[in-house]
Peer 1: 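Input: one structure, supplied below.
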Amino acid sequence: MTTPTEDTTETEPVLVASATGDAGNKPNALQGRTPGQIAWSRFKRNRIGVICAGIVILYILVAIFAPVITGLYGQSPYIPYGTRDMSLLDDSGLPIGANGGMSAAHWLGITPDAGYDIFAKLVYGIRTSLGIGLLITIASAIVGIVLGVAQGYIGGRFDYFVGRFTDLLLGLPTQLFFIAFTPIVENWFVPADRAMPVYMRVLSVVLVQAFLGWMATARLLRGMSLSLREREYVEAAKISGASSWRIIFKELMPNLATTILVQVTLLLPTMVTAEAGLSFLGVGMVDPTPDWGLMFQDATRHYQDDLTYLMVPGISLMIFAVAFNLFGDSVRDALDPKTIR
Amino acid sequence: MLRFLIRRALGAIVIILLLICLTYFAFFSLAVDPAQLACPPKSCTPELLAQIRSNMHLNLPIYQQFWNYLSGLFVGQDLGQLGHCAAPCFGYSYNSQRFVWDEISANYPATFVLAIGGAVVFLAIGVGLGMLSAWKQGTMLDRVASSISLIGQSTQIYFVGPLAMALFVYNLQWLGIPKYVPFTQDPVGCFTGMLLPWLVMSIIFWANYTRQVRSLMLEQLSEDHIRAARAKGMSNRYVWWRYALRGAMAPIITIFGIDLGSVFSGAIITEYTFSIQGLGFLAVKSVNNADLYLELGVLIFSSVAILLFNIVVDAAYALLDPRVRLA
Amino acid sequence: MRLRKAALVPALVAVSALTLTACGGGGGKTAGSGSNKGATAGAAQSFSVGNKADSTGPAKDVPGAKKGGTAFDIETTGFDYLDPSQQYVNQLQAVGMLYSRQLTNYKTDPVTGKVTLVGDLATDTGTLADGGKTWTWTLKDGLKFEDGTPITSKDVKYAIERLYQDYQTNGATYFPTWLSGAGYRDVYKGPQTGELPDSVIGTPDAKTIVFHFQQAHTDANFAAAEPDITAIERSKDTGPQYNSHPVSIGPYKIADYQPDKSLTLVKNDQWDPNTDPLRHQYVDKWQFQLNVSSQQMTQRLMNGSGDDKNAMNLANNADPSLIKQIQDDTSMAPRTISQYTPFVDTFDINDTRVKDVNVRKALVAAFPAAQIQRLLGGSATGDIAGNLISPTIAGWQDSDPLGIKANKAGDPAKAKKILTDANQLNYHIEVGYANTPKWEGVANALVDALNQAGFKAEKKEIDATSYYSVIGKKDNQFDMYRTGWGADWPQGDTVIPPTLDGRLIADGATNYSHYNNDAMNKEMDTISAITDQTQAASQWMSLADKILTTDVPKIPLEYDKFFNVYGAGLGGVAYNPVLGCIDPSSVYLKG
């Protein structure tokens, strides 16, 4: 559950031609290519990166089109097939047939006990976990960007206090904090004796995880904006009377954009796995919402008599994380040629 | 050095105080009545409720309660009929009918042994693999090492744990079912019982270190002073161990310091996976029973522990890199 | 207001689930198939009330028993209470057998499986007068606490007085309620405020204790076997803290106790075997390991490596994921116990809300008993029940008045027809369930089956720890919910009136279906007055079936079973069907 730290991504800031300043100073401008085009051509040459991008896009498409996919596939993640058709499971509730009951109707088999369709559950589980992971990533990235850039740009006492607050949060045992606080935050929204709507659960999980998810981004951006602040072109903008907002958005942000993009691609898989971890522990999503972590929770109960079931979420999550990590690396390489690999 | 440590310790104390304050108010300024939560649901009488309130001083205004709690941590406090709760007093768990500290002190050793052992394992494997990769840079070995690390980093403890159990414990029967035995009681049993959890836990941490050590070593080897040393005819091995590794060690320690929190989190998931009773077990129990004092106690205790470990790491860093001491 | 509790059920970790059925769920094959015990599962006939000779010590030696060694026990939870006054669930009663003693108790024969109610501290099972309003017990000679102090009738009286205190919230309440009424805590506040008068509990001499109940209770000899009817040494009573180190009066005493972790018992040299008709002191030491996950507990008992060879578990079923392996491995059959427990699981229909009997009949027709049985662990954990009486209870018959066993998987078409005829198609049903994965799965299956049978069913979660207090509310907002009722002793009067007497309907009362039929209430009174226990037993049985056929207040689901293995190195492991758990009092090491 490590969030990427500054050390894995800290590189010299790449100066991208800013709108007001030194446009056209770079030699490659002669060839008429924008830095974006250069990065794209560099990215295309990285075969692993392209494959991984394909896998990442596939997962995203699965998440977006989950209802369409299961519709075409003809099974629902909410129907206990095993109780509708008693012949699918044996007396002790285990799937009948090889590999956890894999068949033409149920491609990845069915779950023990109730006989839910594992493929349908997986498709919907990806949708839930990826969606929530994305929300957490966006929330923590925004907080991280705002606080980090402000720290670097404003400096002084503000920098000091936010820095200490960052230390404080970094010192927290994340997992314990999630376990302890998710029920409390849920309670802030909905009294204990009322039913909890799913969106409230999502909101609580996003809040709690984003609260402890922004520090790495903030630290990274603080360091970068601190050094950018001293650059001549920023000085020049200041002297020429540009407002702070203008300097932040027109001078700093374009040069931070690549870092932010890399940071977000690296944050997303960790947030997705963190969300799955929480659900696995029982403080995230709950049944019947299909969820990656819940599949683990259910499957680990049966790992001794139905290992196939555990392999489905295990391997799919692993492929997802590998692909996303490699994808993140190649994005960084493409945007920043100076990285040592 | 001493001044550095004192400054660092003072900073930590401020952070700890802030942390206690933050968590305390998040827990107790809710619209939830802590006494009601402590009262057994089946048999809660108004008398019992009143008794709990007076024992835990819940009738006082919240800032006074907080002061009691805070001072109790250092000097203990009297909890009415429950008697004197000696320092460090984290309050009383009505659910388990014990002082919170008794619960924590019975459970933290397992988590510490798990976290420290796991850290030793992943540092050894991570640094080892990293050095190997740097040594055999660009070879098949290098690529295999980094692929293993990448897959390890991308997997989950709760996936690898059951797989490892199924394979090593039930199928091959190389290892017994993992369990925690205190080191002082049975050092060998402690080691064999925890070996599998350590290994499984370490998997997700290797990768970062392998990658960092590899690039740091390569960077170090291209530095002028090392080239000079080589030019003077020092043996390759001597240069590696004496100069390059030492130079690479300082940043590794920094990364380790940042990772401490995650190591702790990893230990908790590992605890669940192998059903070892440590702080994670307590945390689950307290959340399940809505046992606020226990929940708060575990949270504060673990945070303080992590902060203290961080200072130790900083001190080690300062020892290795004299520049820090001047800063 | 309670905090919402997260359903934290980490994969390989067992977090204890609190329900009335402390021992529900788990299981084996068909009745008795895996067991080497002579008694077939649920042989209520093998139960009897013993006489004075049966109550006299020492206990008959188990053939082949050896002395010495350490016995081990692996529990999946901690012990909630060691203080006998706070013990009620069977796991605690079972561990209490080793260090605590009651006025009466159950003697289980590890060879024949016969269970006899005998005098334990008392010389016999008690003498009743005034038709059951006055009960007298005489204590045996030579009874001592672990520090050598002799036990007198005052110590037994003190143990009862203790139950009136506010913190005493978990023990059985039969005696205090019978002595001082339902509001017994208002009448008397506990021993600090003086003794209960002789007109309530008399101690004419050091050996005799006389109880004066407010009404006649012919089954007080059974109630006297509850763990809290014991002897407590006043000078050692430290109130709530007594729990961590209760004074032993049995063959073992507490040497070390780490709550939620471990318990070590060693021999109590003050225990005189000549006073005890049912306990032995074969092993030197008992070592309990607490809070082991269910999977690990089962796996360790199955493997039996090292100390685990001499290990057992008191009251849990084998982990559902390992039951098949145990059943398939014939070498484990001699050390497998598969027996009925006193628990019957039912789905109660809230009669206050579902008033139309035809709708209730349609619910029965649609009821997916076989599906639910499988979700609960298959035939190992329980057999589909046809009626409301457990096979462990006197007078039980294998009847099927509602045709549930005949039509296990439910008949949606038939249910739909009943609903259509009654003009109740799309009747709305709220199914309440405890929010654990197991009961959630059951609720899903039930809702799915009902919806296919023409109902409009929905499930609603209830916090697992307060489940029974939520469904115990008279005006609860659910139409159907599952309950498990375990009789405290093997007589029909501990099942029918508590769960079906309409005059008992109140908040927190155990008539969860709110069934009230004057004719049936009257019949209950008639049967209660019958003194011949055999005749009463068969009458309770037929009344239960009559209620089911006439009014369908609840749907029988399962007779719960106990299914687990124990280490091959242990002998003398007896199963007590009255409690539904293992009785450790005759255990010895074979090796």
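Chain naming here is simple, since letters A, B, ... match the order of the sequence lines and numbering starts at 1 in each.
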Peer 1: Considering only heavy atoms, which portion of Ile268(B) lies under 4.5 Å from any heavy atom of chain A: side chain, backbone, both, or neither?
Peer 2: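 Contact with chain A: side chain only.
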
Peer 1: Quick one: of Val160(B), Leu163(B), Thr23(B), who has the most non-hydrogen atom pairs under 4.5 Å with chain A?
Peer 2: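 Of Val160(B), Leu163(B), Thr23(B), Leu163(B) has the most heavy-atom pairs under 4.5 Å with chain A.
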
Peer 1: Is there a donor-acceptor contact under 3.5 Å from the side chain of Ser330(A) to the main chain of Phe327(A)?
Peer 2: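 Answer holds: yes.
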
Peer 1: Using heavy-atom distances under 4.5 Å, tell me whether Val14(B) contacts chain A through its side chain, its backbone, both, or neither.
Peer 2: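 Neither the backbone nor the side chain of Val14(B) comes within 4.5 Å of chain A.
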
Peer 1: May I have the list of side-chain donor-acceptor pairs in residues 307-325 of chain A shorter than 3.5 Å, sequence neighbours left out?
Peer 2:
residue   : atom : partner   : partner atom : Å
Tyr309(A) : OH   : Asp298(A) : OD2          : 2.8
Ser316(A) : OG   : Trp292(A) : NE1          : 3.2
Ser316(A) : OG   : Val312(A) : O            : 2.8
Ser316(A) : OG   : Pro313(A) : O            : 3.1
Asn325(A) : ND2  : Ala321(A) : O            : 3.2
Asn325(A) : ND2  : Ser154(B) : OG           : 3.4

Peer 1: Quick one: does any side-chain atom of Thr270(A) pair with a main-chain N or O of Leu267(A) as donor and acceptor, under 3.5 Å?
Peer 2: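 Side chain of Thr270(A) to backbone of Leu267(A): a pair is present.
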
Peer 1: On the six-membered ring of Tyr160(A), is Arg164(A) placed so that its NZ or CZ lies under 6.0 angstrom from the centre and within 45° of the ring axis?
Peer 2: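 Here Arg164(A) passes the 6.0 Å and 45° test against Tyr160(A).
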
Peer 1: Quick check on the interface: out of Leu150(B), Val298(B), Ile157(B), Val304(B), who has the most heavy-atom pairs with chain A under 4.5 Å?
Peer 2: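 Greatest number of close heavy-atom pairs with chain A: Leu150(B).
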
